[in-house]
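The structure presented is a predicted model; accordingly, all values stated were derived computationally and were not measured. So that the names make sense, note that chain A is the first sequence line, chain B the second, and so on, each numbered from 1. Hydrogens, waters and symmetry mates play no part in the numbers below; they use all other heavy atoms, side chains included.
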There are 2 protein chains.
Amino acid sequence: MAATLKDIAREVGVSVTTVSRALAGYHDVAAGTKERIEETAVRLGYSPNITARRLQKQRTDTLGFIMPTFGPRFSDPFFSEFIAGIGNKAADHDYDLLVSTHAPDSEGEWQAYLQAARRGWVDGLIVVRTRENDSRIQLLCDHRFPFVAFGRTSNVCDFPYVDEDSAAGMQLLVQHFIDLGHERIGLIAPPPGLMFGRYRLQSFYNTMAENNLPVQPDWIVTGDMTQRGGAEAVKALLALDPRPTAIIGGNDLMAIGAINRIQQHGFKVGVDIAVGGFDDIPLSAYMTPPLTTIHQPIYEIGQQTCAMLIDIVNGRSPQNPHTLLTPTLIIRESSGTAIKQPFKEVSAFKNNPNKLTDRKPVNFSNNMTQ
Amino acid sequence: MAATLKDIAREVGVSVTTVSRALAGYHDVAAGTKERIEETAVRLGYSPNITARRLQKQRTDTLGFIMPTFGPRFSDPFFSEFIAGIGNKAADHDYDLLVSTHAPDSEGEWQAYLQAARRGWVDGLIVVRTRENDSRIQLLCDHRFPFVAFGRTSNVCDFPYVDEDSAAGMQLLVQHFIDLGHERIGLIAPPPGLMFGRYRLQSFYNTMAENNLPVQPDWIVTGDMTQRGGAEAVKALLALDPRPTAIIGGNDLMAIGAINRIQQHGFKVGVDIAVGGFDDIPLSAYMTPPLTTIHQPIYEIGQQTCAMLIDIVNGRSPQNPHTLLTPTLIIRESSGTAIKQPFKEVSAFKNNPNKLTDRKPVNFSNNMTQ
DNA sequence: GTTGACATCCGAAACGTTTTGGAATATACT
DNA sequence: AGTATATTCCAAAACGTTTCGGATGTCAAC
């Protein structure tokens, strides 16, 4: 149906080679012939067969993204923004984006990575929501398959990644609450196994310790990253006596769920109980009260991840294969104002972002690495 | 690097043809040879080169989805859920999903559709957010390229689609408010040009008219489908005198933005002003107050759209190429309770869902069709 | 001993492109 | 006239798969 090089060649009266080279812009074809070829090409509505080209060039010009979808009713604003980021960057460089959806840690997901690692499906892969001792990353490392991760992991192999400094973010948030006078701070932690959850949890402990504040085990509950999970998890926190005066959601979705439940219990968020989130999804600014949170530039992270991957599949080594982005604290009303004591002057440390960028990675104790 | 049929053939001592046929399960290869071939295949870690297979079979086994992304900070929960729906269904049928991101109505978007229509890139396309007189759909129709749309359009050509009966949804919502005693109802309409926005707007007018309620032009404002847009747009509504007693957001995101702004003005949503949304995104249940809205089963719509497309690219004609889904009203607290007059008994009409399913398409006046 | 049926295998073409390594012709320089 | 140099073109191979149309051999039936 569609016109091929052969069609043009027959029409113009030259060889397929010449047509190919004319269209590719080589300089060994006469101006006149080139013109006739080009004219015929548009007249016949020629467009190259990408599959044939791929077979010949032995590369797909396609990047893969295996999306971890949790359950059928899956709706996480993170993903639409992230896909927009990688998709646009990929398009800039004439790459296609192949998206595959699988439940995390499922058989199907594993098969998808296996297939990808055997080559020929995509040129490179983007991995998100890294897990502790991530078998996907191990597989790709073992096969030396090109990929870039959004997030680090505890695996030993060295690989390129873009990540947000979750520990620094959590420190900003916890310190913010402490500076406001809070001493009993609850945390709705991301599920164990998720790497960024580990950083956030550990940094929560660290920051409390740095401020000489004890942490009751009861103050830490786990949620499943959805607003529903946040609403469920916060119940245990509200039942405590004494109750935490501030609650941090492991992500914005859980914080929003928590706010909902807290308000249902008749408390005023930002007055009776302070709440903070993590991610700064666009909706967080439109909650009542607006949510204090840690900003993550998801779109840019998607772009950087994709750009790095494109470098790698083209054999260029990326300028910064271990990119760590410094998060910023967005203070809104949900964290309220100072309690029990006058509002303290923010410390010099908090006002110096470099201090935060340069901070060494949190050193996990061995029993946590298991 | 990766093993090919030729490698196996050389190893086993048979022809490429035999290897191919053995692996494909043909019955004209001896049991013994087949066994040796299979053993060698796994030993060499053979996996077929998809590109070569595609070239030979002249089909890509890939479906395309060109995602209309609005601006860099793009985050719409609709898309992650929709992609999960089509992605999972596609995977069930061994199809890949190629995702491309482009700003709606941009040059890049048009190029992407052009490229797709010329064949060879993907076997079929999924089109969302249909527009009035949609040039994308016209293009695909003209080229007889296989596609399924989520949403209808005003184009003359006949094409397969899945859509939600937005008009029925809006009627449910408006009637709900009217039954509660509201007479001045404001609407934050989706931007003109979006097809579902047109249905919703028209149905708003129709339902008001059916109830003999006048509509002031001031009561209709337009928003850009984001929470930000909703917050902006509602300002004009709040400045009105007399103010509308109920406000409907053209989608949940705008309704949430509106709620935020309304509360900032010191009004109590669900008491001073009733608010309704459209879509029932997961977050809507966790607003304060929870949002009354029209449920759209996005995930299922994605699945149905994809299933229909797979039928089509395989030459099967889908059982119901014009699927219209009946929406349901989810009543939550944001719409409040009856005002000014006792809560009326719900009419027989409202209680009979079939009545709604069977309702004829709204008849647009000609001057609107332009 | 011919015939036909069956089981098992394979050569070659095809899908549409790119690229290698010249070939043919014309032009310029000694 | 002979040699070098450009210019313009192309045949053929290659990428890895599937499939068409036999080819070969074996065995039973006539």
Side-chain angles (χ1 to χ4, degrees), chain A residues 1-38 40-41 44-62 94 96 115-116 118-123 314, chain B residues 1-38 40-41 44-62 94 96 115-116 118-123 314:
Chain A
M1 173 86 16
T4 71
L5 288 185
K6 205 192 290 185
D7 297 329
I8 301 179
R10 188 174 346 96
E11 192 87 357
V12 179
V14 293
S15 77
V16 170
T17 308
T18 307
V19 178
S20 173
R21 297 185 71 86
L23 262 23
Y26 283 76
H27 284 274
D28 63 348
V29 29
T33 349
K34 181 171 177 180
E35 207 169 305
R36 276 184 303 142
I37 288 174
E38 280 169 345
T40 315
L44 263 46
Y46 169 78
S47 83
N49 182 312
I50 335 182
T51 308
R53 182 178 286 177
R54 283 176 181 170
L55 177 60
Q56 152 68 27
K57 293 229 168 161
Q58 291 292 88
R59 51 182 303 171
T60 64
D61 287 329
T62 300
D94 284 317
D96 280 336
Q115 187 197 9
R118 302 231 243 210
R119 279 156 212 275
W121 189 55
V122 293
D123 290 342
N314 284 310
Chain B
M1 171 89 12
T4 71
L5 287 184
K6 205 192 288 183
D7 297 329
I8 302 179
R10 189 174 346 96
E11 191 88 357
V12 179
V14 293
S15 77
V16 170
T17 307
T18 307
V19 178
S20 173
R21 295 184 71 86
L23 263 22
Y26 282 76
H27 285 275
D28 63 349
V29 30
T33 352
K34 179 171 178 178
E35 206 167 307
R36 276 183 303 140
I37 288 173
E38 280 169 346
T40 315
L44 265 43
Y46 170 77
S47 84
N49 182 312
I50 336 182
T51 308
R53 182 178 288 176
R54 283 175 182 171
L55 176 59
Q56 153 67 28
K57 295 230 168 159
Q58 290 293 84
R59 51 183 303 173
T60 64
D61 288 330
T62 300
D94 284 316
D96 281 335
Q115 186 197 10
R118 304 230 242 211
R119 287 165 204 267
W121 188 57
V122 293
D123 290 342
N314 285 310

Give [X] one of three labels, base, sugar-phosphate or nothing, depending on what nucleic acid heavy atoms sit under 4.0 Å from its own.
| X | value |
| --- | --- |
| B/Thr17 | base |
| B/Ser20 | base |
| B/Thr33 | sugar-phosphate |
| A/Arg54 | nothing |

Of the listed nucleotides [options], the one nearest the side chain of [X]:
| X | options | value |
| --- | --- | --- |
| B/Val29 | C/dT18, C/dG16, C/dC9 | C/dC9 |
| A/Lys57 | C/dT19, D/dT18, D/dC10 | C/dT19 |
| B/Val14 | D/dT17, C/dC10, C/dC9 | C/dC10 |
| B/Gln58 | D/dT17, C/dG16, D/dT8 | C/dG16 |
| B/Ser15 | D/dA11, C/dT20, C/dG11 | C/dG11 |
| B/Tyr26 | D/dC10, D/dT19, D/dG16 | D/dT19 |
| A/Leu55 | C/dG16, D/dT17, C/dC9 | C/dG16 |

* Which residue, B/Lys34 or B/Ala52, contacts DNA chain C at a nucleotide closer to its 5' end, judged by nearest heavy atom? -> B/Lys34
Between [atom2] of [N] and [atom1] of [X], the distance in whole Å:
| X | N | atom1 | atom2 | result |
| --- | --- | --- | --- | --- |
| A/Leu5 | D/dC10 | CG | C1' | 14 Å |
| B/Tyr46 | D/dT18 | OH | P | 6 Å |
| B/Lys6 | D/dT18 | NZ | C1' | 15 Å |
| B/Gln56 | D/dT17 | CD | P | 11 Å |
| A/Asn49 | C/dA14 | CG | P | 17 Å |
| B/Asp28 | C/dC10 | CG | P | 11 Å |
| A/Ile37 | D/dC10 | CD1 | P | 8 Å |
| A/His27 | C/dT19 | NE2 | P | 15 Å |

* Asked: With distance as the sole criterion, do the side chain of A/Thr18 and the base of D/dT8 form a donor-acceptor contact below 3.5 Å?
  -> no
Please tell me if the side chains of [X] and [Y] come closer than 4.5 Å, counting only heavy atoms from C-beta onward.
| X | Y | result |
| --- | --- | --- |
| B/Ile8 | B/Leu44 | yes |
| B/Thr17 | B/Arg21 | yes |
| B/Leu23 | B/Tyr46 | yes |
| B/Ile37 | B/Thr18 | yes |

* **B/Asn314 and B/Arg59: side chain donor to acceptor below 3.5 Å** => yes
* Asked: To 10°, what angle do the rotation axes through the five end pairs on each side of the helix from C/dG1-D/dC30 to C/dT30-D/dA1 form?
  -> 70°
Atom [atom1] in [X], atom [atom2] in [Y]: separation rounded to 0.5 Å?
| X | Y | atom1 | atom2 | value |
| --- | --- | --- | --- | --- |
| B/Thr51 | B/Gln56 | OG1 | CD | 13.5 Å |
| A/Gln115 | B/Ile50 | CD | CD1 | 5.0 Å |
| B/Arg118 | A/Asn49 | CZ | CG | 13.0 Å |

